[in-house]
Protein chains: 2
Amino acid sequence: MLDATSSYDPMAPRIPVADRTGHRTVPETTRRTDRIPGTRYGNRPTMKDVAARAGVGLKTVSRVVNGEPGVTPETERRVQEAIEALGFRRNDSARVLRKGRTASIGLVLEDLADPFYGPLSRAVEEVARAHGALLINGSSAEDADREQELVLALCARRVDGLVVIPAGDDHRYLAPEIKAGVATVFVDRPAGHIDVDVVVSDNFGGARDGVRHLIAHGHRRIGFIGDMPRIHTAAERLRGYRTAMEDAGITVADSWMSLGVTDPERVRRAAEEMLSGPDPVTAIFTGNNRVTVTVIRVLAGHARRVALVGFDDIELADLLQPGVTVVAQDAAALGRTAAERLFRQLDGTLLAPERIELPTRLITRGSGELPPAD
Amino acid sequence: MLDATSSYDPMAPRIPVADRTGHRTVPETTRRTDRIPGTRYGNRPTMKDVAARAGVGLKTVSRVVNGEPGVTPETERRVQEAIEALGFRRNDSARVLRKGRTASIGLVLEDLADPFYGPLSRAVEEVARAHGALLINGSSAEDADREQELVLALCARRVDGLVVIPAGDDHRYLAPEIKAGVATVFVDRPAGHIDVDVVVSDNFGGARDGVRHLIAHGHRRIGFIGDMPRIHTAAERLRGYRTAMEDAGITVADSWMSLGVTDPERVRRAAEEMLSGPDPVTAIFTGNNRVTVTVIRVLAGHARRVALVGFDDIELADLLQPGVTVVAQDAAALGRTAAERLFRQLDGTLLAPERIELPTRLITRGSGELPPAD
DNA sequence: TAGAGCCTGGACAACGTTGTCAGGCTCGGG
DNA sequence: CCCGAGCCTGACAACGTTGTCCAGGCTCTA
């Protein structure tokens, strides 16, 4: 189409060629002067084109397109026909500019490919759909800078609201946006230094209960492998672990805890060390789904039977030998709750920011009920 | 927070109250006349506001915001300061309107919560990000009408391109959009009645090889459980199954094949019937990840050992007893390939639409190598 | 010191849509 | 036959940004 040889780089500041090469700037004007009646070269027909073709006024087309009353059936028919003929579709960008609302919300999460976030994202989408809004999402890859970049890009698009699973821990950069009217809800992890709605799972209680479960089955040397401690959920789950251990009067050895990135390599090493050290653990509590999966693999290669409770449910957990006992959180409920709250903010029916905590559920399947094997 | 009590329904045609109630329309004019110097009530500051505060012209602010050359450091500093002070953020809607490109692409898929689509979506997002574009996605829920609705909504937003995993089989409705310049790539399944780029897995070959594998291990009575036959991938995989059977000189009994929705209930019933009928199968080939998971559950409750090969890899498949043999497709590669092709369309470096087929890979883990147990 | 040329800054129109408002038409009653 | 009421319709401005173009001030050279 028009200008088809230029490379795609829509957001780049358009620096005139002259400034880079010293040569004269080529006049790359998109010639829009010479039109074919009823349409334009390489461009989409607009309401103006439709109006011209139907022989009516611009506003009449607008009325038809938006189903507003006050148009004769005959006129409407003519307009509809012109719309069909030209393949007109309303430009929502222009509409947004005029109306102020974009009917879209943004979702920033860590990684769409993570099985925990898929259902969460879908739940948010469903709620958005019910309110006539589209969902724009972005993955922060657990990087605070990228999170901020994404969030601000979404604000520049003027999304009506934001659902954020934060990677960073300082969100003061969002304050002006919120003040300007962008509805905002944080999910899964709380926001840093700003006062917004937050929807989280009971990470502390869930982890504590999971570890208690292991203790109740006779374990005392219990390991904890989790995500980086700067991630709130990881810290909370660790706290739950510590509390359960403390409540049981167990002194936790440093070698029983391992926090860090959750790539299989590190987790594998951490698990091996816990299992083979001078004070080997008889059970492991894993801090999230990725860790759990890796630890299951490690344990599968071990002779000694080691008990396991994992945070987050995982598919097929019931079919392994033994079944994997987990502390499950409801990802879809997190997403749904957050999105509903978001739209209540947009409705104006919501008052002060609140923190909502959803319960977790211990699902026993066998791995958490193994007795200690010393 | 202007107009904060109105309910959120941004896309609804604004029908004057009088037309529904017979009462007079309340003049809901958003009074924008009385301003505070430097900002507006309940609205975001614009470049105009920034310009006023910095004491420069509108275009100068634009230049600073976009990093264009030709602004003195001193002027730039003043502008930057005003931007900070007012919390200005460029309105990309207006920018889009002016520039014609939105720097966003749309992805329509079946269900974001499906573990197959998460990685695909993420891969598309990464490519988009590398090109400075955001990703808007929507789930069609395997409903052709909803697919069309979503696609057209995305077109109305003027996304620069579309990656579509189609639910329907007639996409003529997209023709005007494509002609108008919307780059389009179909993934996972081909498009109906339009000529566009398509990126698919070798569903036929993969299924055929999977079934051959079972045949090679001595099976002759092999069942096939798949998705609805109107879904292209399902049909292709069935064709692969039929071909493999035919090539081996095996006559397929009707009772060995079951196609339909992939909810656990139906799949479970289908599996049970195949296993208990007058001519029970000794092996099952499953048509996608959801089916495979359900069938694994069914087989786990059966005494007789039944061989299984599934289409799509599934997490933890290696840890089950026996490990699950699968025909794996690379979801991320599908997404990446499609997105890259999309941006090559936008670059203008792409010519005729093409069909790209990515290979599948048979991963043997045990379940497919079980001998027939009659 | 004057003239040429460059650099910076700003006025203005345009992008496509929607809200406002006024004009023209028809119809019924006086 | 005239007038007011009510319904359709269309002209116009505005939304916030960017591209074009011009003016004024500066530097540099002859």
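This one's a predicted model, so the numbers in the text were calculated from it and none came from an experiment. Quick note on labels: first sequence line is chain A, next is B, and so on, each numbered from 1.
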(message) Nearest to the A:Lys59 side chain among D:dG10, D:dT17, C:dG10, which nucleotide is it?
(response) D:dG10
(message) So if I take every side-chain heavy atom of B:Lys99 and compare against C:dT17, D:dG19, C:dT20, which nucleotide ends up nearest?
(response) D:dG19
(request) Report the residue (B:Gly55 or A:Met47) whose heavy-atom-nearest nucleotide on DNA chain C is the more 5′ of the two. (result) B:Gly55
(request) Please answer whether the main-chain N or O of B:Tyr173 pairs with a side-chain N or O of B:Gln148 as donor and acceptor at a distance below 3.5 Å. (result) no
(request) Could you please spell out the steps behind the salt bridge (charged side-chain N to carboxylate O under 4.0 Å, His left out) verdict for A:Arg78 and A:Glu81? (result) CA-CA 5 Å; A:Arg78 286 223 313 284; A:Glu81 191 195 48; over 6 Å; no
(message) For a quick test of reading the model: is some side-chain N or O of A:Thr72 closer than 4.0 Å to OP1 or OP2 of D:dT9?
(response) yes
(request) Quickly, which of B:Val71, B:Val56, B:Thr75, B:Thr46 forms a side-chain contact (heavy atoms from CB on, under 4.5 Å) with B:Val61? Name it, please. (result) B:Val56
(request) Report yes if at least one side-chain N or O of A:Thr60 is closer than 4.0 Å to OP1 or OP2 of D:dG10; otherwise report no. (result) yes
(request) Write down the distance between CG (B:Asp92) and C1' (D:dT18), rounded to a whole number of angstrom. (result) 12 Å
(message) Determine whether a donor-acceptor pair (one donor, one acceptor, N or O, separation below 3.5 Å) exists between the side chain of A:Arg63 and the base of D:dG10.
(response) yes
(message) Expressed as a whole number of angstroms, how long is the span from B:Arg95:CZ to C:dT17:C1'?
(response) 20 Å
(message) Between P on D:dT17 and CG on B:Asn66, what's the gap in Å once rounded to a whole number?
(response) 10 Å
(message) Can you tell me whether the side chain of A:Lys48 and the base of C:dG16 have a donor-acceptor pair closer than 3.5 Å?
(response) no
(message) Need one value for B:Val65: base, sugar-phosphate or nothing, where a base atom within 4.0 Å counts as base even if backbone is also close, heavy atoms only.
(response) nothing
(request) Whole angstrom is fine here: how far is it from CG in A:Leu58 over to P in D:dC15? (result) 18 Å
(request) Using a cut-off of strictly less than 4.0 Å, decide whether A:Ser62 has a side-chain nitrogen or oxygen near OP1 or OP2 of C:dT18. (result) yes
(message) Whole angstroms only, please: what is the CZ-C1' distance between B:Arg89 and D:dG16?
(response) 15 Å
(message) Has B:Thr102 got a side-chain atom pairing as donor or acceptor with B:Val96's backbone, closer than 3.5 angstrom?
(response) no
(message) With a 4.0 Å cutoff (strictly under), does any side-chain N or O of B:Thr75 reach OP1 or OP2 of C:dG9?
(response) yes
(request) For B:Arg90 and D:dC15, give me the distance from atom CZ to atom P, rounded to whole Å. (result) 20 Å
(request) Please determine, for the side chain of B:Val71, which listed nucleotide (D:dT18, C:dG9, C:dT18) has the closest atom? (result) C:dG9
(request) By nearest nucleotide on DNA chain C, pick out whichever of B:Val56 and A:Asn91 is the more 5' one. (result) B:Val56
(request) Determine whether B:Val164 and B:Val187 make a side-chain contact, defined as any pair of heavy atoms from C-beta on separated by less than 4.5 Å. (result) no
(request) Take the protein atom CD of A:Glu74 and the nucleotide atom C1' of C:dC25, then report the distance between them rounded to whole Å. (result) 16 Å
(request) Determine yes or no for a side-chain-to-main-chain donor-acceptor pair under 3.5 angstrom, with B:Asn66 supplying the side chain and B:Arg63 the backbone. (result) no
(request) Could you check how far CD of A:Glu68 sits from P of C:dG19, rounded to whole Å? (result) 6 Å
(message) So, OP1 or OP2 of D:dA14: does either fall under 4.0 Å of a side-chain N or O from A:Arg98?
(response) no
